[in-house]
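As structure tokens, the structure follows; a few thoughts come after it.
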Amino acid sequence: MKLSLPPDWPTTPQAAIALQQKLRSQIETSDRLGSVHTVAGVDVGFTEAGTVTRAAVAVLSFPALQLVESQIAYQPTTFPYIPGLLSFREVPAILVALSQLQTQPDLLLCDGQGIAHPRRLGIAAHLGLLVDLPSIGVAKSRLTGTHAELPPEKGSWVPLHDRNETIGAVLRSRTNTQPLYISSGHRISLETAIAYVLQCTPKYRLPETTRWADKLASNRRSGPQSPPPCHNNQQMNLFG
DNA sequence: GCGACAG
DNA sequence: ATCTTGTCGC
């Protein structure tokens with residue numbers, strides 16, 4: 001799929017916050033998705049002392065959850081990690097990885113929050129809006145919001161609130177295990193998002209999509225190691 | 001002013 | 001996120 005970073009992409013935290021304020025109204029939190037036959041997991045990792053961002057995307061069949069395609073992209077890291085501004089650090093590399101995909105996924109599961117964010121534009125919401133695909137935020141910890149106690153059994157969940165609104169759900173994806181923070185990204189409701197996350201999580205705490213993307217973006221991988229990009233065009237030909 | 005704070 | 005070995009519990 002062909003994608004590219006918008007021309008007005010922010011360079012400073014101030015500009016990033018301003019863009020979030022501008023885009024928040026464009027997020028759709030009601031269901032607008034077709035039949036889901038493929039689900040993609042997206043994750044990011046860092047190498048070279050954090051100077052290089054590695055984005056990975058894994059497309060799985062649904063509901064079989066078998067790997068269909070995966071892509072990895074390396075991009076120089078250009079934005080620091082600032083709580084609330086995660087998308088500006090990770091989205092650039094993610095868009096490159098997604099653009100390399102032959103299979104256009106029907107749904108995106110992202111590491112991080114969807115609208116469970118101070119300005120309702122976490123990375124999952126922002127990414128979904130940019131690529132115009134349904135997306136769900138699947139975070140391993142809380143950014144903002146409060147919630148009641150959560151029963152220990154798999155499948156139980158309680159709403160995540162911020163002021164007077166429900167911004168997401170705290171979901172037990174596995175019995176007696178730390179919960180997941182689920183929220184709508186774009187073009188999907190919270191109820192539907194929870195249902196998909198559970199269907200993508202048959203055995204472990206994290207969805208199969210995320211587990212695949214995690215492994216591909218992680219530093220200690222076993223399989224084929226795609227060489228980090230050479231930025232100085234000094235790619236020498238060892239064979240003359 | 002103080003504490004919280006996705007990855 | 002990343003640095004890193006073994007270890008406790010279902």
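Here is how names work: the chains are called A, B, and so on, in the same order as the sequence lines, proteins then strands, and each is numbered from 1.
If you check every strand for non-hydrogen atoms under 4.0 Å, A:Gly84 touches a base. Looking at heavy-atom distances under 4.0 Å, A:Leu85 makes contact with a base. Residue A:Gly122 is classed as a base contact, given a heavy-atom separation below 4.0 Å to a base.
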Test side-chain hydrogen bond (donor to acceptor under 3.5 Å, both in side chains) on A:Gln75 and A:Thr53; report intermediate values, then the result.
CA-CA 5 Å; A:Gln75 289 289 288; A:Thr53 300; over 6 Å; no
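Taking the side chain as every heavy atom from C-beta outward, A:Leu130 and A:Leu3 never approach each other to under 4.5 Å. Proximity of A:Arg205 to A:Lys140: side-chain heavy atoms (C-beta onward) are separated by under 4.5 Å at one or more points.
Put simply, CD on A:Glu153 is 15 Å from P on C:dC10, counting in whole angstrom units. For A:Arg205 and C:dG9, the CZ to C1' distance is 17 Å, given to the nearest whole Å. For the pair A:Ile167 CD1 and B:dA6 C1', the computed distance is 12 Å after rounding to whole Å. The separation between A:Leu127 atom CG and B:dA6 atom C1' is 14 Å, rounded to whole Å. For A:Tyr181 and B:dA4, the OH to P distance is 15 Å, given to the nearest whole Å. What separates CG of A:Asp214 from P of B:dG7 is a distance of 10 Å, to the nearest Å. For A:Asp162 and B:dA6, the CG to P distance is 14 Å, given to the nearest whole Å. Across the protein-nucleic acid pair, A:Arg119 atom CZ and B:dA6 atom P stand 13 Å apart, rounded to whole Å.
Between A:Phe88 and A:Phe79, the ring planes lie tilted relative to each other; the angle falls in the 30° to 60° range.
A sub-4.0 Å separation between OP1 or OP2 of B:dA4 and a side-chain N or O of A:Arg142 is absent. Proximity of A:Lys140 to the phosphate of B:dG7: a side-chain N or O atom is located under 4.0 Å from OP1 or OP2. Taking side-chain N and O atoms only, A:Ser141 has a distance below 4.0 Å to OP1 or OP2 of B:dG7.
Heavy-atom neighbours of A:Glu149 CD from other residues, nucleotides or ligands within 6.0 Å: at or below the threshold of 12.
The side chain of A:Tyr81 has B:dA6 as its nearest neighbour among C:dA1, B:dA6, B:dA4.
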